[in-house]
Amino acid sequence: MSPSQSVILFDGVCNLCNSSIDFILKRDKENRFLVGALQEEAGKRLLARFQVKPEYLDSLVLVENGEIFFRSTAALKIARNLSGFWPFFYVFMAIPTSVRDWVYNWIGKNRYRWFGKKNTCRLPSPGEKAKFLSLENLPV
């Protein structure tokens, strides 16, 4: 992992979350992100550094420049660094976090019912392996 990379942790069994990761990887033209499942050991270890319980699955998590971000804030900070018009969505940071997170939480609460879930965490394809967090590339 390079110092300029950020880490995105996601619910590895959630179909919506996995689709979101596919979306992010396609638009991460500057190789800014490493991604990993919240359920995997590397993800749990990274969460522990920020005193987050290892069983945490409530939202997308972004670790960037030594800080941790959750829910809509994480999603908008990620969008800001994607190719295309996605950085435009960062203007929604002006909306109070409580409002943004209410919408985020409503979708999150229904994600399995609406989009389904897998029995196991997603495994990266050979071409994606360098983009996935592991114990070997866990940030210091």
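- Put simply, the side chain of Asn137 gets close to the backbone of Ser134: a donor and an acceptor are under 3.5 Å apart.
- Within the 3.5 Å criterion, the main-chain N or O of Asp101 finds a donor-acceptor partner in the side chain of Asn105.
- Not one N or O on the side chain of Glu40 forms a donor-acceptor pair closer than 3.5 Å with the backbone of Ala37.
- Taking the charged nitrogens against the carboxylate oxygens, Glu41 and Arg45 do have a contact shorter than 4.0 Å, which makes a salt bridge.
- Applying the salt bridge (Lys or Arg N to Asp or Glu O under 4.0 Å) criterion to Lys77, with sequence neighbours excluded, gives no partner residue.
- No side-chain N or O of Ser19 forms a donor-acceptor pair with one of Asp22 less than 3.5 Å apart.
- Using a 4.0 Å cut-off between charged side-chain N and carboxylate O, Lys117 and Asp11 make no salt bridge.
- For the ring pair (Phe, Tyr, Trp, His ring centres under 6.0 Å) condition, the pairs that include at least one residue of residues 7-64, sequence neighbours left out, are Phe23-Trp86, Tyr56-Phe70.
- In this structure, a donor-acceptor pair under 3.5 Å is present between the side chains of Arg100 and Ser72.
- Put simply, the side chain of Asn110 never gets that close to the backbone of Trp114: no donor and acceptor are under 3.5 Å apart.
- Using a 30° and 60° split on the angle between ring planes, Phe85 and Phe89 fall in the tilted class, from 30° to 60°.
- In this structure, Phe69 has no ring pair (Phe, Tyr, Trp, His ring centres under 6.0 Å) partners at least two apart in sequence or on a different chain.
- For Arg80 and Tyr90, the positive end sits near the middle of the six-membered ring, less than 6.0 Å away and at most 45° from its axis.
- A distance-only check finds a donor-acceptor pair linking the side chain of Gln5 to the backbone of Asn31 [under 3.5 Å].
- No side-chain donor-acceptor contact under 3.5 Å links Tyr104 to the backbone of Val99.
- Going from atom NZ of Lys26 over to atom CG of Asp28 covers 13.5 Å, rounded to the nearest 0.5 Å.
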